[in-house]
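Report on one structure; see the data block that follows.
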Amino acid sequence: MTPIRLRPWNLEDASSLQKYANNPAIAGNLRDAFPEPYTLEDAQAFIQSCQQSNPKTTLCYAIEVNRQAVGSIGLFVQQDVYCKSAEIGYWVGQPFWRQGIMTQAIRQICEEGFATMDIVRIYAQPFARNFGSQTVLEKNGFQLEGTLRNSVYKHGELQDSYLYALLKPGC
């Protein structure tokens, strides 16, 4: 398994972020808020937004392999009646798929989130066709809670998504 490190983003990561994020295979599995194409300016703006986020409600990390940022992972505490839940979002550059990188990253950020944030639940909503995302969630103990039928409209096509969740130990 390839060793990884989760760490805060810095502006020096912008070119690496742009290199790996600028890929239709990445953008195709993420919300439309993820730019396609992904420019250097997009990378710089994303890094700045991560640096300005509140660590009580947002964890936003670079996934580092061999001293290079190759992906991103974050936890985002929800609001109102959902304030004890955090959504997890993540991606890793295509050259790093199927190396155990995301499995490690999800485990690490979930442990940190439960230890440092006032949450009891972490959830994800992968697209139904994103088998890799479903697999890494299940490897980390996430349970499939349901299918959200025709919940995603991406590239002119309606598709299902799944709702996965992990509860804080003891809850």
Side-chain angles (χ1 to χ4, degrees), residues 1-10 12-31 33-36 38 42-43 46-47 50 53 55 58-77 85-117 119-148 152 154 159-171:
M1 193 175 320
T2 305
I4 69 155
R5 181 170 80 107
L6 300 185
R7 62 162 175 79
W9 285 99
N10 60 64
E12 292 78 32
D13 295 319
S15 62
S16 180
L17 171 57
Q18 190 271 330
K19 173 184 173 180
Y20 292 113
N22 189 32
N23 180 337
I26 302 291
N29 286 310
L30 299 174
R31 293 178 181 163
F34 189 89
E36 184 184 6
Y38 202 101
D42 293 323
F46 174 75
I47 291 168
C50 289
S53 63
T58 303
L59 297 178
C60 189
Y61 292 136
I63 302 170
E64 182 182 276
V65 175
N66 297 324
R67 299 180 187 207
Q68 181 180 2
V70 301
S72 183
I73 191 164
L75 284 180
F76 309 92
V77 176
S85 293
E87 184 174 19
I88 187 171
Y90 49 85
W91 65 269
V92 68
Q94 194 169 5
F96 302 93
W97 291 0
R98 294 175 188 82
Q99 296 180 29
I101 291 168
M102 193 53 69
T103 300
Q104 294 175 72
I106 289 172
R107 185 190 78 248
Q108 289 179 26
I109 202 166
C110 288
E111 288 173 357
E112 181 176 346
F114 284 138
T116 64
M117 300 172 123
I119 58 173
V120 298
R121 183 174 186 273
I122 298 172
Y123 72 94
Q125 293 181 314
F127 299 172
R129 71 175 197 286
N130 189 345
F131 303 113
S133 186
Q134 297 162 44
T135 299
V136 298
L137 291 167
E138 291 168 2
K139 285 182 178 181
N140 278 286
F142 280 73
Q143 298 292 311
L144 177 61
E145 294 187 334
T147 301
L148 305 173
V152 173
K154 184 76 175 182
Q159 56 185 296
D160 296 346
S161 65
Y162 293 131
L163 178 60
Y164 278 87
L166 178 69
L167 298 181
K168 185 174 186 175
C171 290

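All residue numbers in this chain count up from 1 along the given sequence. The basis for the numbers below is simple: all heavy atoms, side chains too, and nothing from hydrogens, waters or symmetry mates.
Looking at every heavy atom in both residues, W9 comes nearest to C60 through CD1-O, 3.8 Å. Minimum interatomic distance between L75 and G113 (heavy atoms only, all atoms of both residues): CD1-CA, 3.6 Å. Looking at every heavy atom in both residues, A86 comes nearest to I119 through CB-CD1, 3.9 Å. In plain terms, the two heavy atoms of P35 and D42 that are nearest each other are CB-OD2, 3.3 Å. Minimum interatomic distance between P8 and Y61 (heavy atoms only, all atoms of both residues): N-CD2, 3.7 Å. Minimum heavy-atom separation, A43 to A14: CB-O, 3.5 Å.
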Run the numbers on E36 and I26 for side-chain contact (heavy atoms from CB on, under 4.5 Å), then give the verdict. CA-CA 9 Å; E36 184 184 6; I26 302 291; over 6 Å; no

Using the rule given for side-chain contact (heavy atoms from CB on, under 4.5 Å), can you reason through S53 versus F76, listing the C-alpha separation, both sets of side-chain angles and the distance that settles it, and then say yes or no? CA-CA 10 Å; S53 63; F76 309 92; over 6 Å; no

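Residues satisfying the ring-ring contact (aromatic ring centres under 6.0 Å, His included) test with Y38, not counting sequence neighbours, are F34. Judged as a side-chain hydrogen bond (donor to acceptor under 3.5 Å, both in side chains), and not counting sequence neighbours, Q143 has no contacts. Residues forming a ring-ring contact (aromatic ring centres under 6.0 Å, His included) with Y123 (at least two apart in sequence, or on another chain): none. By the side-chain hydrogen bond (donor to acceptor under 3.5 Å, both in side chains) test, N22 is found to be paired with no residue, residues two or more places apart in sequence or in another chain being considered. Applying the side chain to side chain contact (heavy atoms under 4.5 Å, CB included) test to Q108 and every residue at least two apart in sequence or in another chain returns I4, L6, Q104. For Q18, the side-chain hydrogen bond (donor to acceptor under 3.5 Å, both in side chains) test picks out no residue, with sequence neighbours left out. Annotation: side-chain hydrogen bond (donor to acceptor under 3.5 Å, both in side chains) contacts of N130 (sequence neighbours excluded): none. Here A25 pairs with N23, Q94, W97 under the side chain to side chain contact (heavy atoms under 4.5 Å, CB included) rule; sequence neighbours left out. The side chain to side chain contact (heavy atoms under 4.5 Å, CB included) test applied to Q159 returns F127, R129, V152, K154, not counting sequence neighbours. Under the side chain to side chain contact (heavy atoms under 4.5 Å, CB included) criterion, Y20 pairs with S16, Q68, V70, W91, P95, F96, sequence neighbours left out.
The CD atom of E64 lies 8.0 Å from the CG atom of D13; values are rounded to the nearest 0.5 Å. Taking CD1 from I63 and CZ from R7, the interatomic distance works out to 11.0 Å, rounded to the nearest 0.5 Å. Note that CD1 of I106 and CG of L137 are 5.0 Å apart. Values are rounded to the nearest 0.5 Å. One distance of note links CD1 of I122 with CE of M117; it measures 8.5 Å at 0.5 Å rounding. In this structure, the separation between CD on E145 and CD on Q125 is 10.0 Å, given to the nearest 0.5 Å. Atom OH of Y90 is separated from atom CD1 of I109 by 11.5 Å, given to the nearest 0.5 angstrom.
For residues 90-109, the pairs satisfying salt bridge (charged side-chain N to carboxylate O under 4.0 Å, His left out) are R107-E111, with sequence neighbours left out.
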Under 3.5 Å, side-chain donor or acceptor atoms of residues 160-171 against the rest of the protein: list the pairs with distances, not counting sequence neighbours.
| from | atom 1 | to | atom 2 | distance (Å) |
| --- | --- | --- | --- | --- |
| D160 | OD1 | N150 | N | 2.8 |
| S161 | OG | S151 | OG | 2.6 |
| Y164 | OH | E138 | OE2 | 2.6 |
| K168 | NZ | F114 | O | 3.3 |

